[in-house]
Amino acid sequence: GNRFDRELRAPICCILGHVDAGKTKLLDCIRRSNVQGGEAGGITQQIGATYLPVENIRERTSLKAEATIKVPGLLVIDTPGHQSFSNMRLRGSSLCDVAVVVVDITRGLEKQTIESLDLLKQRNVRFIVALNKVDRLYGWKTCPNAPIAKALKNQSEDVQREFKWRLTEVVTQLKGSGFNASLYYENKKVKEVVNIVPTSSVSAEGIPDLLLLLVRWVPEIMMERLTYVDNVECTVLEVNEDKDFGTTIDVVLINGVLRKGDRIVVCTKQGLVTTNIRYLLTPYPMKELKAKGVYKHHEELKAAQGAKIAVRGLRHAIAGTALIVVKQGDDLEQAEVAAVQE
Ligand code: GTP
Ligand code: NA
Ligand code: MG
C-alpha cells in the first residue's frame, strides 16, 4: 500500500442477543468449531474471544484475491444471552468497536435483545443485526455458504413471503426500540439505517455477507478509532485457575503491545496489585480463548488480540477493569492512579 496508509488494528466486535438466538453457533459456523455443543445446557456462561485472521475471512467470502481489506482480522467477543449475565453484556459492549445483535427470525426481538439494543444506544455503538435461523422457515431449501440474496432467490414463493413478513415484523420492532433498519443490500442510507443480514448458523447462508460487511463497512465508518496506537489499552475479561499456569487472566488487548515480563498493575478485590506477566499466551487463530486447548506462547503481542496471561497474585482480579503496564522509568504511583481511574 501507500506509505500514507494508516495501520489499522482488528476491530473488536461484540456478539449480543437474547438467550439461544444462536450467537455461539454463529461463531461456531464461522470458526468451523463446536463450542456450543460443549456448553452446559447449551447456555453460554462466560464471555469469550476469538481472533479471525483476514485470510480465513477471505476464504469464507467470495472476495476476489486482489480486493483489499484494510484490517488484519476481527476480534469477536461472544457474550451470554441469559438474563442473569447482564454484567458480561455490559462488559462486552463497553470494550467493543462494533456489535452484531443476533435475532432469531422465528421469535423476533426478545427481552435481552432489547436490553442489548439499549446498551448499544447508551454507548453509541454501531451494530449489524444478524437475522438468524432463516433455515427454520418452513420449506427452506438449504444453500450452504451462499450469499443471502442468492439463497433467497432459490426459495419457493411461500418461503419468500414468510421471510418478508418476518423481516417486516423485526423492522417494526426495531423501530420501536428507536432504530431504523433495512435489509443490508437494500439499505441506501448506511450512515443512519441499521443493516440487517439474514443468516443461518447451521447451513451458513448469509455468513459471507456478514463477514464482508464487518471487514469492509466497519473500517470505513471508524477509520480514526481503528488506527493502531502504541499506548496500551487492555481490559480484564475473566480470571481463571489453570492446572499448568496457576492464576491466569483473560484479557482483551485493544491497543498497544504486551510483552512477557511486563510489569503490570491490576485492580483486585484486595486493592491494586503490581505483578509481572509470567506467560503471554493466545489460543490459535479461529479458536475460542476461554475453551481449554493448546496455547501459543508469545514474547510480545500486538493489539487487537484476546490473550491469556499467567500472573502471580491476581486470583482476585476484577473483571471489566483496566490492566495498566508500568514502563521503565514510569512512576508506579501514576500507573496505580490510572488503574483506579479506568
Ligand atoms: P446463549 O449464549 O446461551 O445466550 O445462546 P446463543 O445465542 O449462543 O445460542 P446458541 O448458539 O446456544 O444456539 C441455541 C440453539 O439454537 C442451539 O440448539 C443451536 O443449535 C440452535 N441454532 C442456532 N443457530 C441456528 C440456526 O441458524 N438454525 C437453526 N436451525 N438452529 C440454530
Ligand atoms: Na444457548
Ligand atoms: Mg452462546
Side-chain angles (χ1 to χ4, degrees), residues 13-50 52 60 76-93 96 99-120 127-148 151-152 154-155 159 162-163 166-167 170 196-211 237-238 250 286-292 306:
C13 172
C14 181
I15 316 292
L16 290 166
H18 195 78
V19 68
D20 284 350
K23 299 175 291 296
T24 306
K25 189 86 177 167
L26 189 74
L27 290 179
D28 277 334
C29 180
I30 294 169
R31 295 180 296 222
R32 298 199 168 98
S33 57
N34 185 18
V35 171
Q36 202 272 335
E39 290 179 332
I43 298 283
T44 302
Q45 306 201 34
Q46 262 204 340
I47 201 161
T50 306
L52 311 176
R60 296 306 297 273
V76 286
I77 309 291
D78 190 14
T79 67
H82 190 276
Q83 57 170 23
S84 59
F85 298 117
S86 57
N87 59 331
M88 296 191 204
R89 288 188 287 280
L90 177 65
R91 207 177 301 155
S93 63
C96 71
V100 171
V101 176
V102 182
V103 174
D104 179 339
I105 191 171
T106 69
R107 305 183 66 98
L109 265 58
E110 299 176 89
K111 198 144 180 239
Q112 271 62 50
T113 328
I114 293 167
E115 182 204 287
S116 301
L117 291 170
D118 288 342
L119 275 177
L120 298 173
F127 64 94
I128 297 169
V129 171
L131 194 54
N132 193 37
K133 306 198 187 183
V134 289
D135 63 287
R136 298 205 39 205
L137 298 176
Y138 185 75
W140 180 267
K141 281 193 272 260
T142 61
C143 317
N145 291 302
I148 195 62
L152 282 168
N154 233 348
Q155 305 303 320
V159 173
E162 190 190 349
F163 170 78
R166 289 193 186 272
L167 170 70
V170 167
I196 299 177
V197 185
T199 55
S200 166
S201 310
V202 170
S203 37
E205 292 92 343
I207 298 296
D209 313 56
L210 181 64
L211 289 172
L237 279 188
E238 299 280 354
D250 288 355
M286 308 284 276
K287 301 283 185 201
E288 172 59 76
L289 174 64
K290 72 184 174 188
K292 293 266 172 292

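Order of listing sets the numbers, starting from 1, for every ligand and every atom in it.
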- prompt: If you measure from the Lys or Arg side-chain nitrogens to the Asp or Glu carboxylate oxygens, is any gap between E238 and K290 under 4.0 Å?
  reply: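 No salt bridge links E238 with K290.
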- prompt: Just going by heavy-atom distances, which of E205, K25, Q36 is nearest to atom 17 (C) of ligand 1?
  reply: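 It is Q36 whose heavy atom sits nearest to atom 17 (C) of ligand 1.
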- prompt: Hey, looking at atom 4 (O) of ligand 1, which of S203, G81, P198 has the closest heavy atom?
  reply: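 Nearest option to atom 4 (O) of ligand 1, by heavy atoms: G81.
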query: Is it the side chain (CB and beyond), the backbone, both or neither of D135 that lies under 4.0 Å from ligand 1, heavy atoms counted?
result: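 It is the side chain that touches ligand 1; the backbone stays farther off.
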message: Is the contact between K133 and ligand 1 made by the side chain, the backbone, both, or neither, using heavy atoms and a 4.0 Å cut-off?
response: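 Answer for K133: both.
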message: Quick check on the Na ion (ligand 2): does I43 put an N/O/S atom closer than 3.0 Å to it?
response: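 No, I43 does not qualify, because none of its backbone or side-chain N, O or S atoms lies under 3.0 Å.
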message: Would you say the Mg ion (ligand 3) has Q36 as a near neighbour, meaning an N/O/S atom of that residue under 2.8 Å away?
response: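 Q36 does not place any N, O or S atom closer than 2.8 Å to the Mg ion (ligand 3).
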query: Any N/O/S atom, backbone or side chain, of T24 lying under 2.8 Å from the Mg ion (ligand 3)?
result: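 Within the cut-off used here (under 2.8 Å), T24 does place an N, O or S atom near the Mg ion (ligand 3).
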message: Suppose I only count heavy atoms of S200 and a 4.0 Å limit; which atoms of ligand 1 are within that range?
response: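 So the atoms of ligand 1 that pass are 27 (O).
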Sub-4.5 Å side-chain heavy-atom contact between [X] and [Y]:
| X | Y | answer |
| --- | --- | --- |
| I128 | L210 | yes |
| V170 | R166 | no |
| T44 | K23 | no |

query: For D20, what is the atom name of its N, O or S atom nearest to the Na ion (ligand 2)?
result: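 Minimum-distance N/O/S atom of D20 relative to the Na ion (ligand 2) is OD1.
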